Peer 1: 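Dropping a structure here in structure tokens format, bear with me for questions.
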Number of protein chains: 2
Amino acid sequence: MPMSFFTEQAVTAADKTFFQLRRDIVEGVIAPGAKLSETELSTKYEVSRALIREAINRLEACHIVERKANVGARVVALTPQGMIGLYQVREALEGMAARLAAKHMTDAEIADLNALLNLHYQEVSHDESYYQEAGDVDFHYRIIVGSKNRHLIAMLSDGIYHLVRMYRVQLGMAGPRVTTAFNEHRHIVQAISNRDEELAELLMRRHILYSRNSIEHKLANPSHPLTDKRETA
Amino acid sequence: MPMSFFTEQAVTAADKTFFQLRRDIVEGVIAPGAKLSETELSTKYEVSRALIREAINRLEACHIVERKANVGARVVALTPQGMIGLYQVREALEGMAARLAAKHMTDAEIADLNALLNLHYQEVSHDESYYQEAGDVDFHYRIIVGSKNRHLIAMLSDGIYHLVRMYRVQLGMAGPRVTTAFNEHRHIVQAISNRDEELAELLMRRHILYSRNSIEHKLANPSHPLTDKRETA
DNA sequence: CCTGACTATATTGTCGACACTTTGGTTGGC
DNA sequence: GCCAACCAAAGTGTCGACAATATAGTCAGG
């Protein structure tokens, strides 16, 4: 039962360049707001400028960089309102994903999801504190895929997800212990298991809304970022 | 009070190529499922292959074409389930847009929206039958912009909209007379005017759902496509 | 006659060079 | 001393050519 997630594998050199550049931006190696000089990156990554250029084009499509014609590209700035907007989109899309998952997931997939949840429960209850970003992402990703909606899947995993991760990493909200979020996950799976589309969507939307509120609160009071109780979604 | 929509203007030659190629695909000049040979298009459009290549990359980001490495790109196929999936995404995103518009649109913007609606009403009541795709798109676009959410706006107007238009054009559902949809538009604006976020979202979602149902029905019974009463959203 | 490997061709992937635009600084005039 | 026009440097936009890969057709072997 692997993460089944980073299935996107680079076949061409342009792919590799794109993935590496995206990782370096998301991880903060290249700072938000930084200018992306094609010539400079070309020498730094030891590839032709054309590949850098294509990578930047793809990053622009993901809204990770912004480009102005004849001027250049910059990494997007991370603003609180940008984060809020991102979570509003997530609320809409993942809410719909949960609704569709309740309709279209197979019983086997739901069983797998329950198994995953039990795994997470062990980690949470034993306080092994290993329930963190990876597990949370895995959970959400399965529901997204469970929607069986190509557009939804593409938008979230190609576009939104990396931006969310960028915010998490750079605002220092990764790798937390979560207890309340886990219960919310349980209830969502329960609704999906009951094929209750309406409830599944409602609960997913709440779940993401709560996360957003938590993050907003944390941004407003950046007092004890390591002791907070919930921030993943 | 212009359409304010096709504000995206080509500054570079790559932009022009991209716009033209996209238009030719959306309008059906290039058929769904057709292969996009870079060399062939290069001679046909009289630009370098690099520009064609960049245009195809952008079209891939919009999900208008699909590309396989070392093989080539094809225009996406138009399937009923693809259309349904598209409208599910619209329902989620535009529902959220209506909710946010109820919160963030200025009174002036709402007044403008009402004026637009009155304009449409005249056209509908006089049976000048000019209330068609353009007006409908304008209405939806204003609400999307009214959400003031960058991600939402970008996703819908750069990505979803052109796909929807492609379906409309190619399945022969463009340019119809609409009466019931107009009333739905009225109610949505009323909710936004009352700053009723919940209702605005609900009504928008219903509006899009109805449209989807109408189109599904039409796809199942392609009997009198020119006399149908509603198909825009 | 069928199957499998090989070759030839066409198409995509990648690259380095040239052309154009922007930008910041400099010079000349008022 | 200030403003405008000009100039130079750096960076992006565009192009044609070369390299690598897939596809289809051919030929040899069974």
Side-chain angles (χ1 to χ4, degrees), chain A residues 7-25 29-77 154 158, chain B residues 7-25 29-77 154 158:
Chain A
T7 304
E8 55 176 9
Q9 61 181 8
V11 34
T12 177
D15 293 339
K16 285 182 203 131
T17 307
F18 168 57
F19 290 147
Q20 188 172 356
L21 194 52
R22 183 179 63 185
R23 218 186 63 207
D24 285 349
I25 291 176
V29 177
I30 301 177
K35 182 161 195 323
L36 294 178
S37 165
E38 295 181 0
T39 55
E40 182 184 336
L41 293 175
S42 173
T43 63
K44 183 177 173 183
Y45 288 88
E46 294 179 328
V47 293
S48 109
R49 196 166 72 87
L51 295 191
I52 295 290
R53 197 175 163 73
E54 180 172 339
I56 290 180
N57 278 334
R58 290 206 225 174
L59 288 170
E60 189 188 13
C62 303
H63 304 123
I64 290 179
V65 313
E66 288 171 340
R67 137 173 296 169
K68 268 192 279 191
N70 289 314
V71 174
R74 306 192 82 88
V75 179
V76 295
D158 293 348
Chain B
T7 304
E8 55 177 10
Q9 62 182 7
V11 33
T12 177
D15 293 339
K16 284 182 204 131
T17 307
F18 168 56
F19 291 148
Q20 188 172 357
L21 194 52
R22 183 179 64 186
R23 217 186 65 206
D24 285 349
I25 291 176
V29 177
I30 301 176
K35 182 162 194 322
L36 296 178
S37 163
E38 295 182 0
T39 55
E40 183 183 337
L41 293 175
S42 172
T43 64
K44 182 177 175 183
Y45 289 88
E46 293 178 330
V47 293
S48 110
R49 197 166 71 88
L51 295 191
I52 295 290
R53 199 175 162 72
E54 179 172 339
I56 290 180
N57 278 334
R58 289 206 225 173
L59 287 170
E60 189 189 13
C62 303
H63 304 123
I64 290 181
V65 313
E66 287 171 339
R67 140 172 293 170
K68 268 192 280 189
N70 289 315
V71 173
R74 307 192 81 89
V75 178
V76 293
D158 293 349

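A quick note: this is a predicted structure, and the numbers were derived from the prediction, not measured. Naming convention: chains lettered A, B, ... in sequence-line order (proteins, then strands); numbering from 1 in each chain.
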Peer 1: Taking the basic N atoms (NZ, or NE/NH1/NH2) and the acidic carboxylate oxygens, is any pair closer than 4.0 Å for A:Glu8 and A:Arg22?
Peer 2: yes
Peer 1: A side-chain contact here means heavy atoms from C-beta on lying under 4.5 Å apart; do B:Asn57 and A:Asn57 qualify?
Peer 2: no
Peer 1: Base, backbone or nothing for each nucleotide of nucleotides 7-17 of chain C, written B, S, -, heavy atoms under 4.0 angstrom, 5' to 3'?
Peer 2: ----SBBBB-B
Peer 1: Determine, stepwise, if the pair B:Ile52 / B:Thr39 fulfils side chain to side chain contact (heavy atoms under 4.5 Å, CB included).
Peer 2: CA-CA 8 Å; B:Ile52 295 290; B:Thr39 55; over 6 Å; no
Peer 1: In whole Å, what is the span from the CG atom of A:Leu41 to the P atom of D:dG11?
Peer 2: 11 Å
Peer 1: Hey, which of A:Asp158, A:Thr17, A:Asp15 is the one that makes side chain to side chain donor-acceptor pair (under 3.5 Å) with A:Arg58?
Peer 2: A:Asp15
Peer 1: Rounded to whole angstrom units, what separation is found between the CZ atom of A:Arg74 and the C1' atom of C:dT22?
Peer 2: 14 Å
Peer 1: Should A:Glu38 and A:Arg49 count as side-chain neighbours, where that means a heavy-atom distance under 4.5 Å?
Peer 2: yes
